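Scope of the values below: all heavy atoms of this structure, side chains included, with no hydrogens, waters or symmetry mates. A note on names: the letters A, B, ... follow the listed sequences, proteins ahead of strands, and every chain is numbered from 1. Keep in mind that what you see is a predicted model, and the values were worked out from it rather than measured.
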Number of protein chains: 2
Amino acid sequence: MTNTDASFPPERKRGSGVKVVYELLRDEILDLVLPPGSPIDELQLAERFKMSRTPIREALVRLAGEGLIDTLPNRSTMVANIDFLNMHTFFDALVLMYRVTTKLAAQYHRPEDIVIIRAHQARFAAAAEAQDALAMIATNAALHSAIADAGRNPYFTGLFNRLLDEGRRILRLYYQSYGDRLPKQFVDEHEDMIAAIAARDAEAADRLAKAHAEQIVKQIQTFFSRNERIDIAL
Amino acid sequence: MTNTDASFPPERKRGSGVKVVYELLRDEILDLVLPPGSPIDELQLAERFKMSRTPIREALVRLAGEGLIDTLPNRSTMVANIDFLNMHTFFDALVLMYRVTTKLAAQYHRPEDIVIIRAHQARFAAAAEAQDALAMIATNAALHSAIADAGRNPYFTGLFNRLLDEGRRILRLYYQSYGDRLPKQFVDEHEDMIAAIAARDAEAADRLAKAHAEQIVKQIQTFFSRNERIDIAL
DNA sequence: TGTATTTTATTTGTCGACAAAAAATCGACA
DNA sequence: TGTCGATTTTTTGTCGACAAATAAAATACA
């Protein structure tokens, strides 16, 4: 080990800076640590990560490309708002992608995919058992992302992952307010879906995914209809 | 007019630089002026556009986010290749998005949308009449993008526009090689689709879009099956 | 002549600084 | 005291330069 002097800068590897900033900022946005509308200060971030504004800006450009932050020209950039008015477009897209990716997984998966999927499902079940809302949100997204991967269509997985990200923000809001009452039935529904995928039953996979997705959507919708105040809060 | 001295730099407006580079580079990639695999040199671009590397790099980061260029860490960046091996995933996604966006347009369009759509269709018809392959490719993408806009689902339009972009590259290859023989029937098919949309007949819109999309896919597939050499060329 | 190793050149990632644009502050005037 | 306009401050977009990483060239050696 060279550089025994602890006062030296952490000496990040060249090129790793952007990735670190991008991923951490992304997580903070999706977990609502940075709530929608939060201003993003480049100088502040540069100071925080001990690097110049250049890599910070590159990370921000990427996040903007994914729609996670909004950038006003020559002016402030902030965490993208959740568009409650057009929530139905999100639900439409989510339901369709749930169906398509699950169906394709049933058709095109390989044996090793099932192992990965089951591992994610186990993690989700553990989170549900522990009543850990945050872990449930994260593991649920990871599970469905893994299912989509097994379908092997990068165009669908790309959109689906974006939707799951946006969903993480919405679900976060959902659970935060409702005091972590968690529907255990999702575990069983996941089991049925995985069984259909493993059996290569595309029709059943599609049907189960549709029911699963629509039920999630329904729960969130009833939640929001009971909490109009949220419209004002943002 | 100030700045009568022609030797002065063009004096671009602050912030417009990235946009210019991004859009021009994008068009060149989609029109195969920059063929897949072309190396992209930042210095060269900086010189060409008379600006520093910083805005160039920002444009490249955006293009990379859309998958139009591939960036090797610390090494060269090049125009993304067309993935002929997994072309079917592209077709699957394209057909589905054709259907969904057209159906949503039939359901959610407003009267003014139809005006815009018909204007695009007129341009497409003119291009087809003139046997202008390049114009046909561009106006076809613009028409379907306009239809998708009328459906008002940003998630679907986002993916669809990406697919149409990738389709522009593929069609460009198609027409280039086949000496600009252009199927006029697309004009009629478009007319039928627009009529179904205007009549708010979602079922018909879906059916017509499916047939339209599958026919395009079929044509491209038979083309590629007759030209295996392309696999080698890339 | 062919291969390994050092040297040079090219290109990328990062930095600090400056200039333009917008917002925030201050001050004149009613 | 309130409003409009000028001034200062903050923040963004761009620049030129430098250093790390890689590729290319040159050299040494068998």
Side-chain angles (χ1 to χ4, degrees), chain A residues 1-3 5 7-26 29 34 37-80, chain B residues 1-3 5 7-26 29 34 37-80:
Chain A
M1 286 282 276
T2 58
N3 187 13
D5 186 353
S7 70
F8 264 52
E11 210 168 301
R12 258 177 291 275
K13 255 171 276 171
R14 173 189 167 88
S16 71
V18 246
K19 201 183 168 194
V20 172
V21 177
Y22 167 78
E23 289 178 353
L24 203 123
L25 226 46
R26 196 184 113 98
I29 292 172
L34 293 174
S38 302
I40 294 187
D41 185 357
E42 296 178 4
L43 263 308
Q44 197 176 302
L45 288 173
E47 199 172 330
R48 176 177 169 197
F49 288 101
K50 302 272 189 288
M51 57 178 76
S52 113
R53 277 174 53 223
T54 310
I56 304 283
R57 280 176 67 86
E58 182 173 330
L60 293 183
V61 170
R62 282 212 242 167
L63 290 169
E66 297 176 28
L68 291 177
I69 63 177
D70 288 331
T71 311
L72 281 284
N74 277 322
R75 234 7 29 251
S76 69
T77 130
M78 59 173 108
V79 178
Chain B
M1 286 283 277
T2 59
N3 188 12
D5 185 353
S7 72
F8 262 53
E11 211 167 297
R12 259 176 291 274
K13 255 172 276 169
R14 174 191 166 86
S16 71
V18 244
K19 203 183 167 193
V20 171
V21 177
Y22 167 78
E23 288 177 354
L24 203 124
L25 226 47
R26 197 185 111 98
I29 292 172
L34 294 175
S38 302
I40 294 186
D41 184 358
E42 296 178 3
L43 263 308
Q44 197 176 304
L45 288 173
E47 199 173 328
R48 176 178 169 196
F49 289 101
K50 302 272 188 290
M51 58 177 73
S52 111
R53 278 174 51 223
T54 310
I56 304 282
R57 279 176 68 85
E58 182 173 331
L60 293 183
V61 169
R62 281 212 243 167
L63 289 169
E66 298 176 28
L68 291 177
I69 62 177
D70 289 331
T71 311
L72 282 284
N74 277 321
R75 238 357 38 246
S76 70
T77 130
M78 58 173 109
V79 177

Return the value, rounded to whole Å, for the distance between atom [atom1] of [X] and atom [atom2] of [N].
{"X": "B/E42", "N": "D/dT22", "atom1": "CD", "atom2": "C1'", "result": "14 Å"}
{"X": "B/K13", "N": "D/dT14", "atom1": "NZ", "atom2": "P", "result": "13 Å"}
{"X": "B/L72", "N": "D/dA20", "atom1": "CG", "atom2": "P", "result": "22 Å"}
{"X": "B/R57", "N": "C/dT14", "atom1": "CZ", "atom2": "P", "result": "7 Å"}
{"X": "A/E58", "N": "C/dC15", "atom1": "CD", "atom2": "C1'", "result": "14 Å"}
{"X": "A/K19", "N": "C/dG13", "atom1": "NZ", "atom2": "P", "result": "14 Å"}
{"X": "A/K50", "N": "C/dG16", "atom1": "NZ", "atom2": "P", "result": "13 Å"}
{"X": "B/L45", "N": "C/dT12", "atom1": "CG", "atom2": "C1'", "result": "14 Å"}

Would you mind telling me which of [options] lies closest to the side-chain atoms of [X]?
{"X": "A/P55", "options": "D/dG13, C/dT12, C/dC15", "value": "C/dC15"}
{"X": "A/T54", "options": "C/dG13, C/dG16, D/dG13", "value": "C/dG16"}
{"X": "A/M51", "options": "C/dC15, D/dT12, D/dA20", "value": "C/dC15"}
{"X": "A/S52", "options": "C/dT12, C/dG16, D/dT14", "value": "C/dG16"}
{"X": "A/R75", "options": "C/dT12, C/dA23, D/dT12", "value": "C/dA23"}

remark   = Rounded to the nearest 0.5 Å, the CD1 atom of A/I40 sits from the CD atom of A/E42 at a distance of 9.5 Å
key: side-chain contact (heavy atoms from CB on, under 4.5 Å), paired with B/T77, selected from B/D70, B/T71, B/L63, B/D41   = B/T71
task = Let me know which of B/R57, B/E23, B/M51, B/E58 forms a side-chain contact (heavy atoms from CB on, under 4.5 Å) with B/V18.
result = B/E58
Closest heavy-atom pair and its distance - A/G67, A/A80 = O-CB, 3.4 Å
task = For A/R14 and for A/I40, find the nucleotide of DNA chain D with the closest heavy atom, then tell me which residue's nucleotide is more 5'.
result = A/I40
ask   = For B/D41 and A/N74, take the nucleotide of DNA chain C holding the closest heavy atom to each; which residue's nucleotide lies nearer the 5' end?
value = B/D41
task = For the residue pair B/L25 and B/L68, establish whether any side-chain heavy-atom pair is separated by less than 4.5 Å.
result = no
